[in-house]
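All figures in this text were calculated on a predicted structure; none of them were measured in a lab.
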Amino acid sequence: MLALPTTIGWFLLGDPFGIDNAYIAVATPLLVMTCTHLTSGRSKAVPAVTGEKR
């Protein structure tokens, strides 16, 4: 959801630093997914479900 506004904004700014907006369109989702992965809390280990009845 962030890639489109970022790419459009980058294009409207005139491709600052000479970086084409196509590269921004590819890099934005990668950056967001990496940040989300690094900042998300690790879930607690859940015991595996086996087919055995007690």
For this session: Answer with yes or no whether the hydrophobic clustering places I8 together with F11; edges join I, L, V, M, F, W, Y residues whose side-chain heavy atoms lie under 4.5 Å apart.
Result: yes
- hydrophobic_cluster_shared for I24 and L4, side chain cutoff 4.5 Å: no
Rounded to the nearest 0.5 Å, the OG1 atom of T28 sits from the CE atom of M33 at a distance of 10.5 Å
Notebook entry, point to check: Is any side-chain heavy atom of F17 less than 4.5 Å from a side-chain heavy atom of W10?
Noted result: yes
Heavy atoms of A25 and A3 approach each other most closely as O-CB, 4.4 Å
